[in-house]
Protein chains: 2
Amino acid sequence: MDETTKTDGLPQTAAQAGPQTGGAQLHLPGNDRPTLKTIAFMTGLGITTVSRALKDAPDIGAETKERVRLVARQVGYQPNRAGVRLRTGKTNVISLVLSLEEEIMGLTSPIVVGISEVLAATPYHLVVTPYSPSRDALAPVRYVLDTGAADGVIISRTEPKDARVALMLERNFPFATHGRTDMGLAHPYHDYDNEGFAYAAVRALVERGRRRLTLLQPPPHLTFHRHMRNGFDRAVRDFGVETIPFDTVDIDHSLIDIRTAFERLLRGGAVPDGIVSGSGAGTIALIAAIEATGRKIGADIDVVSKVPSDFLGWLRPEVITMKEDIRHAGHELAKAVLARIAGRPPEELQSLSGLDRSKI
Amino acid sequence: MDETTKTDGLPQTAAQAGPQTGGAQLHLPGNDRPTLKTIAFMTGLGITTVSRALKDAPDIGAETKERVRLVARQVGYQPNRAGVRLRTGKTNVISLVLSLEEEIMGLTSPIVVGISEVLAATPYHLVVTPYSPSRDALAPVRYVLDTGAADGVIISRTEPKDARVALMLERNFPFATHGRTDMGLAHPYHDYDNEGFAYAAVRALVERGRRRLTLLQPPPHLTFHRHMRNGFDRAVRDFGVETIPFDTVDIDHSLIDIRTAFERLLRGGAVPDGIVSGSGAGTIALIAAIEATGRKIGADIDVVSKVPSDFLGWLRPEVITMKEDIRHAGHELAKAVLARIAGRPPEELQSLSGLDRSKI
DNA sequence: CGAAAAATCTGTAACGATACAGTTGATCAT
DNA sequence: ATGATCAACTGTATCGTTACAGATTTTTCG
């Protein structure tokens, strides 16, 4: 037994280096955080054995595993993340890449909540990696890839040809997107059925006798612009109604801009009697414009709006709302990245959130 | 020179050893990410020297530092977070502890954005550590403290005697709170001046001739309940008007509950002609109740509401709103934790956000 | 019974960074 | 000269974990 004092005790049982705070025995907590070494000492086993026992390796005896697990639970062992990360490269982190200008009216909150709820049952942490839209949207993704800051990424505001998606696919890095792409490449995503929404919205307007419709649409570079546009145009064709162009602004513009533009439209020659809005916030601006021109929603014009929460239903019940459940999207996205990390093929990790009309 | 092949080359330039399981080669490690070793090799210096050069240690020559910095920049060196964290315990993480039921209407988004904006210029990452209100609010804080998951914590929904604050102070752990406490202990905080808000709100109502006021208040266990209550009560005394009790619900209740309760009040004997609302979401429920009883805001009753965003001003301009800038709170909180981590005394890290009335 | 094969367990060497205790020369006072 | 001092740099150990290549039994079986 030339074991050179391998058993040199527990990892500094009483950390001496407590920052001062003068005086008495304040029960300075110090770091008595148990490590594998602690458990190894307590069980009389080797560190390696403990490590392998805790991950249920096949070459460890059943009784030993039981003992190790018992002690581990007893002392409240939790693996040191830095140790694992350094050794294995596994970060146990999911990075949510967020535009700092993400729609004001609460898109971020529910998605963060949704993701958190899923991750809570796992060892994963959620890290928010922001970017200002003025800067390159690719930068945060590149950062995560280059530094290995996370095991998986969630992005939103996808484009048909999305450079971020291309990059992550090329590096075979696990991710999920809120919104689809159109590159002929399979990847995990969750998306709201914007085409279905727009189609149903037009139908709802037609059923109310509206014949001259217009659309407040997403910005052209985002994928769901096409989806919504397609649904809208197809429905317009199917129901044989007329459209009024409204292309000067989109839902990414400020409320002021939207209001101004729509008011100009309403005061012009070709006036719509029904409008489909792709954004809850945008709808507020539309309402302002409508009422500023002395019109009444439900009487002179009808509005169908996609909304993230239902306060519009409280304040303007005359607006027809269809709820997009963003928190649910958070759930799906988190589950998708985790499954992708676990090796499930991308094709199985694509989901579409159906219509959930809260009103008609 | 018995240097035993210290110069064994760069850190495996093309890492072949994916720690992966037998299946798909997910998450290729293939990163030839430069480390100190890389720079040491390129400059011909020792790893230690490089490390110390990069942190501008006094015992490294000026020219050497310059060379090291140049090469480091050239190869895009970024310190491995796991390495630093394991060795020093420094995580470079700020943890935002969040209630998953945080007010629906967009409190989370802007605070996350605000914090992110400050952290973006630092090496810190933002990790969201959630808790469901059903479970102990202390749990996430304990987790961070026990596991050393972060260098600093931001919490909200503070209580007068807040166990989380007591715990972190006792352990001398850097943190900042959104909201004050009342324990006679100094700690970093940012708070909105809810007393000032309530006082100004009452004044605004009185100026409109309202004499019988009521308050939709925060839940009694949170600190700012007292603040708002104080401001309200003091103003009521100062202006000599009457109050109608409305204690059956608070801003944490569901919109339905608030609406029902307020409608009952309005249909009862003692009817208020002015109400102060401590929550934008709650105000929506109040409006519904008011209109359900056939009353008109601005005519029969006036409403002053604290709001996180100004869409209420768009949809119900007759409501008097006062904006609480949550994003700014995020800025202040982030700066406060960082300063606390840097060793600044708590007393210098307390700020109050003044009134910023968006209307009258 | 002896050897091969399991079944269990263990030490060593990394991962990347830093604290600490040296090691070089060169410079300086005596 | 001689040792002391200083500037500039470097090796070693270590943080906690895991991959890997042995060890040590014990079992199996020809």
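Every chain is numbered from 1, with letters handed out A, B, ... down the list of sequences. All values derive from a computational prediction rather than experimental measurement.
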Applying side-chain contact (heavy atoms from CB on, under 4.5 Å), can you list everything that pairs with [X], at least two apart in sequence or on another chain?
{"X": "A:R69", "value": "A:L54, A:D56, A:K65, A:E66, A:R73"}
{"X": "A:V128", "value": "A:L98, B:V112, B:S116, B:L126, B:V128"}
{"X": "A:T49", "value": "A:L45, A:I60, A:T64"}
{"X": "B:E63", "value": "B:R67"}

| query | Starting at the 5' end of DNA chain C and moving along, which residue's nearest nucleotide shows up first, A:T49 or B:A82? | reply | A:T49
| remark: Contacts satisfying salt bridge (Lys or Arg N to Asp or Glu O under 4.0 Å) that involve residues 115-124 of chain B (not counting sequence neighbours) are B:E117-B:R327
Rounded to whole Å, please give me the gap between [atom1] in [X] and [atom2] in [N].
{"X": "B:L45", "N": "D:dG11", "atom1": "CG", "atom2": "C1'", "result": "14 Å"}
{"X": "B:I39", "N": "C:dG16", "atom1": "CD1", "atom2": "C1'", "result": "12 Å"}
{"X": "A:K65", "N": "C:dC9", "atom1": "NZ", "atom2": "C1'", "result": "13 Å"}
{"X": "A:R85", "N": "C:dG16", "atom1": "CZ", "atom2": "P", "result": "13 Å"}
{"X": "A:I60", "N": "D:dT18", "atom1": "CD1", "atom2": "P", "result": "13 Å"}

| query | When you match B:L86 and B:V50 each to their closest nucleotide on DNA chain D, which lands nearer the 5' end? | reply | B:V50
| said: I'd like to compare against my own output: the B/S/- annotation of nucleotides 17-27 of chain C with a strict under-4.0 Å heavy-atom distance to protein. | reply: BBBB-------
| message | In the structure I gave you, are the side-chain heavy atoms of A:R33 and A:N80 within less than 4.5 Å of one another anywhere? | response | yes
| request: Note down the inter-axis angle between the two ends of the helix from C:dC1-D:dG30 to C:dT30-D:dA1, five pairs each, to the nearest 10°. | output: 60°
| Applying ring pair (Phe, Tyr, Trp, His ring centres under 6.0 Å), which residue pairs with at least one partner in residues 50-93 of chain A are found, sequence neighbours left out? | none
| Residues which pass side-chain hydrogen bond (donor to acceptor under 3.5 Å, both in side chains) with B:R344, listed by chain and number, not counting sequence neighbours | B:E348
